[in-house]
A.B. asks: 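A single structure is presented below for examination.
For reference, positions follow the sequence shown, starting with 1. This structure is a prediction, so every number in the text was calculated from the model and none was measured. Atom set for the values below is all heavy atoms of this structure, side chains included, hydrogens, waters and symmetry mates excluded.
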Amino acid sequence: METILLNMPEKPIIGITLDAEEIGGYSKWHPWYALRINYVEAVVKAGGVPILLPHETALSGDYIKQIDGLIITGGDFDIDPALYGVKEKHPKTQTKPKRTDFEMEITKLALAGNKPILGICAGEQLINVILGGTLIQHVPDVTGTSLHQQTHHRKEPAHPVKIMPGSLFHKIIGADSMQVNSTHHQAVEKVGKNMKISAEAPDGIIEAIEYQSHPFCIGVQWHPEYGADQDGKDAKIFAAFLQAARNAMKDGK
């Protein structure tokens with residue numbers, strides 16, 4: 001019997017950055033990489049093939065050749081304020097230099113190669129810093145509230161965000177607002193060159209940004225992989241990101 005091979009469409013390969021802890025963090029004896037499963041699940045559900053990216057900066061060029069899109073994840077750490085021109089660290093600022101060095105390098109390569117980029121939480125902040133923006137080192141010092149320090153489960157929303165009309169993000173979500181979770185103590189302050197504010201919290205904290213000189217480079221301050229918006233709007237972010245990766249695949253052929 002003759003075997004018929006179907007020409008199935010290729011799935012985009014999505015690189016996802018990892019968190020890392022030195023000895024004494026996750027383990028008493030060994031350094032670790034770690035990633036919550038829901039990042040991977042969100043990519044698979046949206047039609048992508050996730051691969052995880054260790055912090056080997058010298059391999060960034062090799063990684064970027066293999067992936068069709070990049071997700072820069074969040075984590076319990078901060079970007080060194082020296083990278084955005086601030087000499088003094090806030091007492092609450094805790095950095096992971098090796099992780100940041102790697103994520104900056106691979107993000108710059110993704111920007112140069114027009115690879116779709118989705119920055120989540122600290123990933124949004126990293127994109128902004130790379131493009132010349134600055135960060136608020138401790139949000140409660142600015143707002144005087146605990147709005148962004150959610151204590152209940154991240155699958156549940158903490159507050160709404162207003163989505164800016166005319167933005168790519170507004171086109172993706174198809175609404176003027178959505179509900180988001182919120183567990184961050186830093187945030188975008190001044191947006192970088194050619195960056196656009198896409199969403200804001202009720203207290204004025206910037207919640208989403210997009211780079212207007214790139215086909216798809218969006219950062220969100222919340223964690224959409226939890227799906228906290230009860231109307232399914234978080235899933236639209238991953239769907240649009242994966243569609244951008246498919247488009248990039250076609251353009252590269």
A.B. asks: Looking at Glu210 and Met195, would you say the former's side chain and the latter's main chain have a donor-acceptor pair under 3.5 Å?
C.D. replies: no

A.B. asks: Show the nearest heavy-atom pair for residues Cys217 and Leu111, with the distance to one decimal.
C.D. replies: SG-CD2, 4.0 Å

A.B. asks: Any luck finding a side-chain donor-acceptor pair between Gln150 and His152 under 3.5 Å?
C.D. replies: yes

A.B. asks: Is there a side-chain contact between Ser198 and Leu168 (heavy atoms, below 4.5 Å)?
C.D. replies: no

A.B. asks: Please step through side chain to side chain contact (heavy atoms under 4.5 Å, CB included) for the pair Ile51 and Ile13, ending with a clear verdict.
C.D. replies: CA-CA 7 Å; Ile51 63 170; Ile13 306 298; 3.9 Å; yes

A.B. asks: Under the side chain to side chain contact (heavy atoms under 4.5 Å, CB included) criterion, do Ile136 and Glu189 qualify, and how do the steps go?
C.D. replies: CA-CA 5 Å; Ile136 299 169; Glu189 182 182 45; 3.7 Å; yes

A.B. asks: Could you measure the distance from the NZ atom of Lys236 to the CD atom of Gln243? Nearest 0.5 Å is fine.
C.D. replies: 15.0 Å

A.B. asks: Any side-chain to backbone donor/acceptor pair from Glu105 onto Lys108? Under 3.5 Å, distance only.
C.D. replies: no

A.B. asks: Yes or no on side chain to side chain donor-acceptor pair (under 3.5 Å) for His159 and Asp203, after CA distance, side-chain angles and deciding distance?
C.D. replies: CA-CA 10 Å; His159 61 76; Asp203 58 5; over 6 Å; no

A.B. asks: For Pro215 and Asn114, which heavy atoms make the closest approach, and how far apart are they?
C.D. replies: CD-OD1, 3.5 Å

A.B. asks: With hydrophobic residues grouped by side-chain heavy-atom distances under 4.5 Å, do Leu18 and Ile16 end up in a single group?
C.D. replies: yes

A.B. asks: Taking the side chain as every heavy atom from C-beta outward, state whether Glu207 and His148 have any pair of such atoms under 4.5 Å apart.
C.D. replies: yes

A.B. asks: Out of the candidates Glu22, Glu103, Glu21, only one should pair with Lys96 under the salt bridge (Lys or Arg N to Asp or Glu O under 4.0 Å) rule; please name it.
C.D. replies: Glu21

A.B. asks: Have His223 and Asn38 got a donor and an acceptor in their side chains that come within less than 3.5 Å?
C.D. replies: no

A.B. asks: Does the side chain of Lys155 come within less than 4.5 Å of Tyr226's, by heavy atoms?
C.D. replies: yes

A.B. asks: Nearest 0.5 Å please: distance from the CG atom of Asp78 over to the CG atom of Asp76.
C.D. replies: 8.0 Å

A.B. asks: Hey, are Glu156 and Gln230 close enough side-chain-wise for a donor-acceptor pair under 3.5 Å?
C.D. replies: no

A.B. asks: Would you please say whether a donor-acceptor pair under 3.5 Å links the side chains of His214 and Asn194?
C.D. replies: no

A.B. asks: Look up atom CG in Asp68 and atom NZ in Lys115, then write down how far apart they are to the nearest 0.5 Å.
C.D. replies: 5.5 Å

A.B. asks: Taking the side chain from Ser167 and the backbone from His170, do they hold a donor-acceptor pair closer than 3.5 Å?
C.D. replies: yes

A.B. asks: Would Ile218 and Phe241 count as a side chain to side chain contact (heavy atoms under 4.5 Å, CB included) here? Give the steps.
C.D. replies: CA-CA 9 Å; Ile218 287 177; Phe241 170 65; over 6 Å; no

A.B. asks: Between Thr57 and Asp101, is there a side-chain donor-acceptor contact under 3.5 Å, judged purely by atom types and distance?
C.D. replies: no

A.B. asks: Show the nearest heavy-atom pair for residues Pro202 and Pro160, with the distance to one decimal.
C.D. replies: CD-O, 3.1 Å

A.B. asks: Any side-chain heavy atom of Asp229 sitting closer than 4.5 Å to one from Ile173?
C.D. replies: no

A.B. asks: Might you confirm whether atom NZ of Lys162 has over 12 heavy atoms from other residues, nucleotides or ligands at distances under 6.0 Å?
C.D. replies: no

A.B. asks: Is there a donor-acceptor contact under 3.5 Å from the side chain of Glu200 to the main chain of Ile206?
C.D. replies: no

A.B. asks: Going only through I, L, V, M, F, W and Y residues with side-chain contacts under 4.5 Å, is there a path from Ile205 to Ile163?
C.D. replies: no

A.B. asks: Can Val188 be reached from Tyr211 by stepping across I, L, V, M, F, W or Y side chains whose heavy atoms are under 4.5 Å apart?
C.D. replies: yes

A.B. asks: Which heavy-atom pair separates Pro116 from Ala248 by the least distance, and what is that distance?
C.D. replies: CD-CB, 3.9 Å

A.B. asks: With the 4.5 Å side-chain cut-off for hydrophobic clustering, are Met164 and Ile237 part of the same group?
C.D. replies: no

A.B. asks: Can you check whether Pro81 reaches Thr93 side chain to side chain, under 4.5 Å on heavy atoms?
C.D. replies: yes

A.B. asks: Is any side-chain heavy atom of Asn247 less than 4.5 Å from a side-chain heavy atom of Phe216?
C.D. replies: no

A.B. asks: Counting only N and O atoms by type, is there a donor-acceptor contact under 3.5 Å from the side chain of His138 to the main-chain atoms of Pro140?
C.D. replies: no

A.B. asks: Looking only at non-hydrogen atoms, find the nearest pair between Tyr39 and Gly74 and report the distance.
C.D. replies: OH-N, 3.1 Å

A.B. asks: side-chain contact (heavy atoms from CB on, under 4.5 Å) with Leu35: which of Thr73, Thr17, Asp19, Leu53?
C.D. replies: Thr73

A.B. asks: Between Met178 and Asp234, is any pair of side-chain heavy atoms under 4.5 Å apart?
C.D. replies: yes

A.B. asks: For Asn128 and Glu124, which I'm curious about, is there any donor-acceptor pair between the side chains at under 3.5 Å?
C.D. replies: no

A.B. asks: Working to the nearest 0.5 Å, report the span between SG of Cys121 and CD1 of Ile72.
C.D. replies: 12.0 Å

A.B. asks: Among Trp32, Tyr33, Tyr63, which one satisfies ring pair (Phe, Tyr, Trp, His ring centres under 6.0 Å) with His55?
C.D. replies: Tyr33

A.B. asks: For the hydrophobic clusters of this structure (ILVMFWY residues joined by side-chain heavy atoms under 4.5 Å, transitively), does one cluster hold both Phe102 and Ile127?
C.D. replies: yes

A.B. asks: To the closest 0.5 Å, what do you measure between CD (Gln149) and NE2 (His185)?
C.D. replies: 8.0 Å

A.B. asks: Determine the minimum heavy-atom distance between Gln125 and Gln186, stating which atoms define it.
C.D. replies: NE2-O, 3.2 Å

A.B. asks: Walk me through it: do His90 and Asp141 pass the test side chain to side chain contact (heavy atoms under 4.5 Å, CB included)?
C.D. replies: CA-CA 10 Å; His90 190 280; Asp141 289 349; 2.7 Å; yes

A.B. asks: Check whether any side-chain heavy atom of Ile14 sits under 4.5 Å from a side-chain heavy atom of Phe238, and report yes or no.
C.D. replies: no

A.B. asks: Could you grab the distance from atom OG1 of Thr134 to atom CD1 of Ile79, nearest 0.5 Å is fine?
C.D. replies: 11.5 Å

A.B. asks: For Pro97, is there any backbone N or O sitting under 3.5 Å from a side-chain donor or acceptor partner on Thr95?
C.D. replies: no

